[in-house]
Amino acid sequence: MIKKWVFYSGLTLFIVFISSGFKPVNTSNHNWFESNYQKEISYLFPSQNPNDYANRNVPFTGRFFIGFKEALAFKESQGKYHKINSLGYMGKYQFGAETLQTIGITDTAAFMKSPKLQEKAFVALLAKNKWELKNEIEAYSGSIISGVKITESGILAAAHLGGAGSVKRFLKTGGKRKCKDDYGTSVKSYMRDFGGYETSGIIAENNPKIK
């Protein structure tokens with residue numbers, strides 16, 4: 001009887017010792033991402049807080065919103081906040097002065113000096129374009145037009161390039177209206193190249209203003 005008691009006591013101590021070497025799976029929640037032990041990081045962008053974007057070195061972007069904005073920025077300016085092109089378009093996302101005015105930014109010098117303001121302006125313009133194109137997003141998402149699968153992120157990227165009007169003309173004509181910017185980049189190419197990203201977190205807004 002004593003031998004059995006010693007055996008089971010020893011077995012219990014052994015199990016406790018072994019178990020102490022393993023840490024429980026914990027999920028840490030932060031304001032801009034979720035991380036889970038032994039799983040990849042899942043980003044919760046977009047965020048209304050511009051501090052979540054500026055100078056952020058994110059190791060994984062994928063098809064999340066962070067990937068969308070960085071891919072588009074690289075196409076526009078190679079991701080350079082200080083860049084001004086030959087037509088006067090400014091910053092990381094290449095804004096025109098008139099477009100900036102529509103979201104409440106009139107001081108272009110301050111805009112160029114502030115990465116945070118540029119990131120905030122990008123989200124505001126997406127919100128504005130999403131409002132203006134909400135009917136098109138609903139009507140055309142998932143369809144194939146001129147060989148391109150139409151998605152919300154593709155529509156928003158194309159609107160950033162050529163404006164909401166160009167996107168509407170392209171969709172309504174079944175892709176027959178070849179809308180391009182002054183450098184010859186087409187709305188169609190932006191719909192194709194930036195399709196399939198996560199942009200559902202962008203809240204459509206009729207008249208967003210940067211304060």
Side-chain angles (χ1 to χ4, degrees), residues 32 45-58 61 64-134 136-137 151-170 179-195 197-199 201-211:
W32 63 285
F45 290 103
S47 169
Q48 297 298 326
N49 181 5
N51 293 327
D52 289 346
Y53 299 103
N55 301 320
R56 185 73 69 183
N57 183 21
V58 179
T61 57
F64 296 99
F65 180 75
I66 183 71
F68 171 73
K69 82 177 193 69
E70 292 302 331
L72 185 57
F74 188 82
K75 178 70 173 181
E76 292 288 313
S77 69
Q78 293 184 317
K80 298 175 180 178
Y81 287 107
H82 63 272
K83 185 170 183 178
I84 300 177
N85 73 7
S86 60
L87 297 174
Y89 289 91
M90 300 171 284
K92 182 178 178 180
Y93 302 100
Q94 295 291 279
F95 278 87
E98 291 184 2
T99 299
L100 287 176
Q101 289 177 7
T102 66
I103 54 175
I105 298 175
T106 57
D107 189 342
T108 56
F111 174 78
M112 289 298 295
K113 292 178 182 178
S114 175
K116 292 181 181 180
L117 186 58
Q118 292 188 33
E119 298 293 347
K120 195 172 182 179
F122 178 67
V123 174
L125 184 60
L126 287 177
K128 181 178 177 67
N129 284 332
K130 190 168 182 176
W131 175 271
E132 294 184 3
L133 292 163
K134 60 182 183 296
E136 284 74 19
I137 291 171
T151 66
E152 179 180 285
S153 65
I155 287 176
L156 293 179
H160 186 85
L161 173 75
S166 294
V167 173
K168 290 180 179 182
R169 288 192 292 273
F170 176 86
C179 305
K180 299 181 180 181
D181 70 358
D182 293 328
Y183 291 111
T185 305
S186 68
V187 163
K188 175 183 175 178
S189 69
Y190 265 48
M191 284 195 185
R192 179 192 65 230
D193 295 344
F194 300 105
Y197 285 91
E198 176 55 56
T199 55
I202 292 292
I203 300 172
E205 190 172 348
N206 183 27
N207 191 29
K209 297 294 182 183
I210 305 299
K211 297 180 181 179

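In summary, the side chains of S189 and R192 do not present any donor paired with an acceptor at a separation below 3.5 Å, with no hydrogens or angles considered.
Salt bridge status for E152 with K130: present, with a side-chain N to carboxylate O gap under 4.0 Å.
Residues in residues 94-105 take part in these side chain to side chain donor-acceptor pair (under 3.5 Å) pairs, two or more places apart or across chains: N85-Q94.
Judged as a side-chain hydrogen bond (donor to acceptor under 3.5 Å, both in side chains), and not counting sequence neighbours, S114 has no contacts. Contacts of F95 classified as ring-ring contact (aromatic ring centres under 6.0 Å, His included), with partners at least two apart in sequence or in another chain: F111, H160. Residues passing the salt bridge (charged side-chain N to carboxylate O under 4.0 Å, His left out) test with K75: none are found, sequence neighbours excluded. Here S77 pairs with nothing under the side-chain hydrogen bond (donor to acceptor under 3.5 Å, both in side chains) rule; sequence neighbours left out. For E136, the side-chain hydrogen bond (donor to acceptor under 3.5 Å, both in side chains) test picks out no residue, with sequence neighbours left out.
Across every non-hydrogen atom of F194 and S153, the tightest pair is O-OG, 2.7 Å. Minimum heavy-atom separation, M191 to A158: CG-CB, 3.7 Å. Smallest separation of non-hydrogen atoms from M90 and G96: CE-C, 4.3 Å. Smallest separation of non-hydrogen atoms from A121 and L100: CB-CD2, 4.5 Å. Nearest heavy atom pair, residue A164 against residue N129, reads CB-OD1, 4.3 Å. A124 and I210 get closest at one heavy-atom pair: CB-CD1, 3.6 Å.
Distance CD/E198 to OG1/T151: 10.5 Å, rounded to 0.5 Å. The distance from atom CD1 of I137 to atom CD of E132, rounded to the nearest 0.5 Å, is 11.0 Å. Rounded to the nearest 0.5 angstrom, L161 CG and C179 SG are separated by 9.5 Å. In this structure, L117 CG and K120 NZ are separated by 7.5 Å, a value rounded to the nearest 0.5 Å. Put simply, OG on S186 and CG on D193 are 8.5 Å apart, with the number rounded to the nearest 0.5 Å.
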Task: Residue pair K69, Y93: steps toward the side-chain contact (heavy atoms from CB on, under 4.5 Å) verdict - done: CA-CA 9 Å; K69 82 177 193 69; Y93 302 100; 3.4 Å; yes
- [ ] Show your reasoning for whether side-chain contact (heavy atoms from CB on, under 4.5 Å) applies to L133 and V167.
- [x] CA-CA 8 Å; L133 292 163; V167 173; 4.1 Å; yes
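In this structure the side chain of E119 reaches within 4.5 angstrom of the side chain of K92, judged on heavy atoms. Between Y190 and L72, the closest side-chain pair of non-hydrogen atoms falls below 4.5 Å. Residues L126 and T199 have side chains not in contact (no heavy-atom distance under 4.5 Å, counting atoms from C-beta outward).
A cation-pi arrangement is present between K134 and W131 under the rule of less than 6.0 angstrom and at most 45 degrees off the ring axis.
Taking the six-membered ring where the residue is Trp, F65 and F68 present tilted rings, their angle falling between 30° and 60°.
Within 6.0 Å of atom NZ in K113, 12 or fewer heavy atoms from other residues, nucleotides or ligands are found, so the atom counts as exposed in its surroundings.
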